[in-house]
Amino acid sequence: MSKKYLTTAIPYVNGTPHLGHAIDYLLADVYSRYESALGNEVKFQTGTDEHGNKIFEKAKSANLPVEEYTKTNSDLFRDFIKKLGVSPTDFIRTTDAAHKHRVQLIWQRLEQHIYAKDYEGWYCNGCENFITEKEYADNNGVCPDHQTPYIKLSEKNYYLKISDFKPKIKAAIESDELKILPEFRKHEVLKLLADSPDVSISRPKKNLSWGIEVPGDPSQVIYVWLDALSNYITILGYPETEHSPEFTDFWPAAVQFVGKDILRFHAIIWPAILLALNLPLPRVLHSHGHVLLNGAKMSKSLGNTIDPLEVLEKYGLPAFRYYFLRHIDTFADSDFTWEKYDAAYNNELANDLGNLVQRLATLCSKNSVAPVSAPSFPEVVIENPDYSALMEKLEFSNAFDYVWEKVKSVNKKIDDEKPWSLIKTDPAAGVASLSSLVASLLEAAVLLSPFLPETSEKIIKIFTAEKIVAPEPLFPKALKA
RNA sequence: CGCGGGGUAGAGCAGCCUGGUAGCUCGUUUGGCUCAUAACCAAAAGGUCGUUAGUUCAAAUCUAACCCCCGCAACCA
C-alpha cells in the first residue's frame with residue numbers, strides 16, 4: 001500500500017462551473033478511485049481560486065461584499081463536484097486564513113530568488129488594467145470599452161527569477177522526472193521554457209487590493225500564480241508540516257491534473273517555485289484537452305456555452321460520466337453535441353450495457369441461477385493487465401474502451417452459447433453457461449467501477465443478491481423525438 | 001520563416017516511431033436469433049490514406065516542398 005496525492009486545478013470563481021472543470025474533476029476522480037480500489041491511500045485535492053481584480057469587480061457590480069460573492073461561487077463548485085459523483089478528500093479556498101498565511105511564509109522562503117523591477121506596459125485608465133501588446137495592436141491603441149487611448153505606464157512589481165531554475169526544470173522534464181502527458185505537450189513546454197522570462201509575482205496594492213499582502217511590503221499584493229499554485233502544498237500544511245508525514249507522505253504529488261491552457265504555468269512557474277523551496281517536483285503533469293461544442297471552442301464572448309447541469313439532468317450522472325470519460329479523449333480536444341450525447345446514451349449505455357444486464361438477469365431469474373460472487377478489484381486488475389497498463393498511463397478514455405469491449409463480448413457470448421435453448425436440452429449445462437456469463441459481466445462491472453461507480457455497484461448487487469431478479473432497466477431508453 | 005497539433009469510408013477516430021493484403025466505433029443495407037429496453041449477433045456495401053515529387057522490389061507509414069484546418073502566443077479548464 002502506498003500513498004498517492006492527486007490534484008486538480010483550482011478554478012477562478014468569477015463564473016459558474018463549465019464543462020472544462022468537469023473534465024478535470026472526472027479524470028482525477030477516476031484515477032483516485034482506481035488507486036483506492038487497489039488499496040492505496042489517496043489524497044485528492046480540489047478547491048477554488050478567489051483573489052484578484054476580476055473577482056473584486058464582479059462582486060462590486062453584483063453589489064455584494066467580496067467575501068460573500070466568493071463564498072457563494074466557491075460553494076457552487078463544491079456542489080458541482082458533488083453532483084459529478086466526484087469524491088475529493090480536500091477542498092481548499094485561497095481565501096482561507098491558513099492558506100494566506102502559508103503563502104506569505106512561502107514568499108519569505110523564496111526571497112533570495114525575488115527581485116523588484118518596474119514593469120512598463122500599455123495601461124487603460126478606465127479599466128485600471130494593463131493590457132498585452134497583442135490587445136494593444138488589435139484595438140489600435142484605443143480601449144474599446146472606454147474609447148480612450150492606452151497610455152504607457154510603469155509600476156513596481158516583484159519578479160521570480162525563473163532563470164535560476166531553467167536548467168534544472170529542463171532536465172527534469174526531458175528525463176521525465178517531471179513527466180508531462182501527453183508526450184506532444186512536453187515538446188511544447190520545453191520550447192516555452194527556453195523562451196520564458198522571469199515572471200511577475202506581485203502587483204501594487206492600489207491596482208490590486210483583493211489579495212494576499214507581500215510580507216514586508218504593504219504596498220504590494222501577491223499575484224495570482226504564486227497564490228494559486230501554492231495551494232497544492234498549503235493544503236498539506238506546508239511549510240509548518242514540512243518534516244511531518246502529513247506533508248512528506250504525499251508530496252511530491254503522484255499526478256497533477258490541469259487543462260492544456262494552464263499547463264505552462266504548472267510546467268514552468270510551479271517547478272521554479274518548488275525548486276526554490278528545495279522541494280521535489282510532482283511526478284506527472286497530466287494535461288487534458290478542451291471540450292468543443294459543435295466543433296467550436298466554447299466561450300462566453302461567443303455565447304456558445306452549455307450548462308453542464310443541463311447536460312447532467314438529461315440522462316443523469318452515469319450518462320454524464322460515461323460520455324465525458326469515454327468519448328471526450330483524455331488528452332485531445334473533443335466535441336460535444338447533443339446528437340452524440342443522445343447516441344452514446346441510447347446505443348451504448350441503454351443497448352449495450354443496460355440491455356445486457358436486463359437479458360442476463362431475466363435468464364438467470366427464469367432459470368433460478370444461483371448468485372455469483374464478484375471478484376475483487378485487485379484480482380480483476382491482475383487478470384486484465386492491458387486495462388491496468390492504460391490506467392497507469394492515465395489513458396482513461398482508452399481504458400474505458402477496454403471495459404466496453406468486455407461488455408460487448410458478453411453480449412456476443414450470450415448469442416454464441418444460446419443459453420435459452422441450451423437450458424431446454426441440457427439444463428445443467430444451461431445453468432453453467434449462465435453462471436459463467438454472469439461471472440464475465442461481473443468482471444466488466446468491477447473494471448467499470450472507477451468510471452461509473454453507481455452503475456457498477458448496481459450491477460454487482462443484482463447478480464450477487466440472494467436471488468437474481470430482473471431489475472428495472474438501468475438506462476431506460478429515451479423516447480425518440 | 002513564432003510554437004504546436006491535425007488532414008485516412010457519410011461522421012468520429014486508430015494505424016505512421018519499428019515500410020509489406022487499410023482497421024475500429026457510429027450510421028446504412030441484408031441475414032440470423034427470440035433471453036432482452038423494437039434490444040442482441042453476423043455479413044455486406046462504402047476509402048485515389050490533403051497535394052506533388054523523391055527513396056525503395058514495396059510508402060498511409062521514410063524524405064522534401066506545398067495546400068488547407070485548428071489550438072497557443074502570460075493569466076478564460
Side-chain angles (χ1 to χ4, degrees), chain A residues 8-12 14-15 17-25 27 49 52-54 130 132-134 182-192 194-197 199-200 223-225 228 257-265 268-269 287-292 295-301 305 326-327 329 331-335 337 339-340 343-344 346-367 397-398 401 404-405 408 410-423 430 434 437 470-480:
Chain A
T8 55
I10 54 173
Y12 197 57
N14 66 339
H18 52 64
L19 284 176
H21 299 119
I23 300 297
D24 222 43
Y25 294 138
L27 294 174
D49 177 17
N53 274 337
K54 280 188 191 166
F130 280 93
T132 61
E133 282 294 335
K134 180 183 161 49
E183 182 82 12
F184 67 82
R185 298 263 173 235
K186 173 173 164 181
H187 307 305
E188 200 176 305
V189 163
L190 283 170
K191 172 70 185 167
L192 281 167
D195 300 339
S196 178
V199 58
S200 159
Y223 194 53
V224 60
W225 291 112
F257 292 91
V258 298
K260 64 175 186 180
D261 53 320
I262 53 168
L263 173 63
R264 61 185 52 208
F265 309 111
I268 297 171
I269 303 175
S287 91
H288 60 258
H290 288 183
V291 179
L292 308 177
K297 192 181 164 183
M298 271 188 256
S299 85
K300 279 176 196 151
S301 48
T305 56
R326 177 144 190 250
H327 292 301
D329 187 277
F331 294 115
D333 289 354
S334 307
D335 202 24
T337 68
E339 290 72 28
K340 286 181 184 178
N346 284 316
N347 301 334
E348 299 170 24
L349 278 176
N351 293 353
D352 287 345
L353 181 59
N355 179 58
L356 168 61
V357 169
Q358 202 70 17
R359 68 195 294 215
L360 198 49
T362 304
L363 281 166
C364 289
S365 158
K366 282 186 180 170
N367 299 295
S397 48
N398 291 336
D401 282 345
W404 218 255
E405 283 307 310
K408 297 185 80 157
V410 180
N411 266 324
K412 186 174 299 194
K413 226 165 115 187
I414 294 181
D415 276 71
D416 288 348
E417 300 192 4
K418 302 186 178 29
W420 60 87
S421 65
L422 186 58
I423 211 101
L434 285 172
L437 287 166
E472 288 297 301
L474 285 182
F475 303 105
K477 198 144 183 185
L479 293 172
K480 297 229 166 170

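The sequence lines fix the lettering, A, B, ..., with proteins before strands; numbering per chain opens at 1.
- Rounded to whole Å, the separation between the P atoms of U30(B) and C67(B) comes to 46 Å.
- Between A43(B) and C26(B), the two P atoms lie 13 Å apart (nearest whole Å).
- Listed by chain and number, the residues in a salt bridge (charged side-chain N to carboxylate O under 4.0 Å, His left out) with Arg264(A) amount to none (sequence neighbours excluded).
- Taking atom CH2 of residue Trp404(A) and atom P of nucleotide C13(B), one finds them 20 Å apart after rounding to whole Å.
- Between the C1' atom of C35(B) and the CG atom of Asn367(A) lies a distance of 9 Å, rounded to the nearest Å.
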Could you pull out the protein-nucleic contacts involving nucleotides 23-26 of chain B (nitrogen or oxygen on both sides, under 3.5 Å)?
unit_1	atom_1	unit_2	atom_2	d
C26(B)	OP1	Lys408(A)	NZ	3.2
C26(B)	O3'	Asn347(A)	ND2	3.3

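- Of the possible polar contacts, none joining the His288(A) side chain to the Lys260(A) backbone as a donor-acceptor pair under 3.5 Å is found.
- Relative to the side chain of Tyr12(A), the nucleotides A77(B), C75(B), A36(B) differ in distance, and A77(B) lies closest.
- The shortest side-chain heavy-atom distance between Trp404(A) and Leu353(A) falls under the 4.5 Å cut-off.
- One interatomic measurement links the two molecules: CG of Leu356(A) to C1' of A39(B), which rounds to 11 Å at whole-angstrom precision.
- Nucleic acid contact for Gly20(A): base, since at least one base atom lies under 4.0 Å from a heavy atom of the residue.
- Closest to the side chain of Ile414(A), from the set C75(B), C35(B), A74(B), is C35(B).
- For the C1' atoms, the distance linking U56(B) with U63(B) amounts to 12 Å, nearest Å.
- The side chain of Tyr223(A) lies closest to C75(B) when the candidates are A39(B), C75(B), G71(B).
- In this structure, Asp333(A) atom CG and C72(B) atom C1' are separated by 11 Å, rounded to whole Å.
- Rounded to whole Å, the distance from NZ on Lys412(A) to C1' on C40(B) is 12 Å.
- Looking at heavy-atom distances under 4.0 Å, Asp24(A) makes no contact with the nucleic acid at all.
- If you check C75(B), U37(B), A74(B) against the side chain of Trp225(A), the one that comes closest is C75(B).
- OP1 or OP2 of A77(B) has not a single side-chain nitrogen or oxygen of His288(A) nearer than 4.0 Å.
- Closest approach to the Pro473(A) side chain among C40(B), A74(B), U37(B) is made by U37(B) (side chain taken as heavy atoms from C-beta onward).
- Note: Asn14(A) CG to Asn53(A) CG = 11.5 Å, rounded to the nearest 0.5 Å.
- Checking side-chain atoms of Ser334(A) against main-chain N and O of Asp329(A) turns up a donor-acceptor pair under 3.5 Å.
- Across all strands shown, His21(A) has heavy atoms under 4.0 Å from sugar-phosphate atoms exclusively, and none from any base.
- Spacing between A9(B) and G47(B) at atom P, rounded to whole Å, works out to 10 Å.
- Counting to the nearest Å, the P atom of U37(B) and the CG atom of Asn355(A) are 7 Å from each other.
- Across the protein-nucleic acid pair, Asp329(A) atom CG and A77(B) atom P stand 20 Å apart, rounded to whole Å.
- Listed nucleotides: C35(B), C41(B), A39(B). Nearest to the side chain of Lys477(A): A39(B).
- In this structure, Lys477(A) and Asn351(A) have side chains that are in contact, with non-hydrogen atoms separated by less than 4.5 Å.
- Considering only heavy atoms from C-beta on, Phe257(A) stays 4.5 Å or farther from Ile23(A) through its side chain.
- Heavy atoms of Val357(A) sit nowhere under 4.0 angstrom from any nucleic acid atom.
- Within 4.0 Å of Ile23(A), counting heavy atoms only, lies no atom of the nucleic acid at all.
- The side chain of Asp261(A) lies closest to A77(B), out of A77(B), U37(B), C35(B).
- With sequence neighbours excluded, no residue satisfies salt bridge (charged side-chain N to carboxylate O under 4.0 Å, His left out) with Asp352(A).
- If you take atom P in C41(B) and the same atom in C33(B), they sit 16 Å apart, rounded to whole Å.
- The side chain of Lys418(A) places no N or O atom within less than 4.0 Å of a non-bridging phosphate oxygen (OP1 or OP2) of C40(B).
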Q. Dot-bracket for RNA chain B, 5' to 3', counting Watson-Crick or G-U wobble pairs under 3.5 Å, with [ ] for crossing pairs and | for inter-strand pairs?
A. .(((((((.[[[[.)....(..]]]].(((((.......))))).....[[[[[..)....]]]]])))))).....
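- If Ser421(A) and Leu474(A) are placed on RNA chain B by their nearest nucleotide, the residue sitting closer to the 5' end is Ser421(A).
- Remark: Leu356(A) CG to Lys413(A) NZ distance equals 11.0 Å, nearest 0.5 Å.
- A distance-only check finds a donor-acceptor pair linking the side chain of Asp24(A) to the backbone of Ala9(A) [under 3.5 Å].
- With both ends at atom P, the span from A60(B) to A22(B) equals 9 Å, rounded to whole Å.
- Of the charged side-chain nitrogens involved, none lies within less than 4.0 Å of a carboxylate oxygen, so that Lys191(A) and Glu188(A) do not count as a salt-bridged pair.
- Rounded to whole Å, the separation between the P atoms of A45(B) and C13(B) comes to 25 Å.
- Using a 4.5 Å cut-off on side-chain heavy atoms (C-beta onward), Leu422(A) and Leu434(A) make no contact.
- Within the 4.5 Å cutoff, the side chain of His290(A) has heavy atoms near those of the Asp261(A) side chain.
- Straight-line distance between the P atoms of G50(B) and U37(B): roughly 45 Å, to the nearest whole Å.
- Between Pro476(A) and Ala9(A), the residue whose closest nucleotide on RNA chain B is further toward the 5' end is Pro476(A).
- Looking at the side chain of Phe475(A), the nearest of the listed nucleotides C40(B), U37(B), G71(B) is U37(B).
- In terms of modelled atom types and a separation under 3.5 Å, the side chain of Thr362(A) and the main chain of Gln358(A) share a donor-acceptor contact.
- Judged as a salt bridge (charged side-chain N to carboxylate O under 4.0 Å, His left out), and not counting sequence neighbours, the contacts of Asp335(A) are Lys340(A).
- Here A36(B) is the nucleotide among C76(B), C41(B), A36(B) with the atom lying nearest to any side-chain atom of Gln358(A).
- Comparing A36(B), C76(B), C40(B) by their closest approach to the side chain of Asn411(A) singles out C40(B).
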Q: Determine, for nucleotides 2-8 of chain B in 5'-to-3' order, which nucleotides have protein heavy atoms under 4.0 Å from the base (write B), from only the sugar-phosphate (write S), or from neither (write -).
A: -SSS---
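- Rounded to a whole Å, the CG atom of Leu363(A) is 13 Å from the C1' atom of C33(B).
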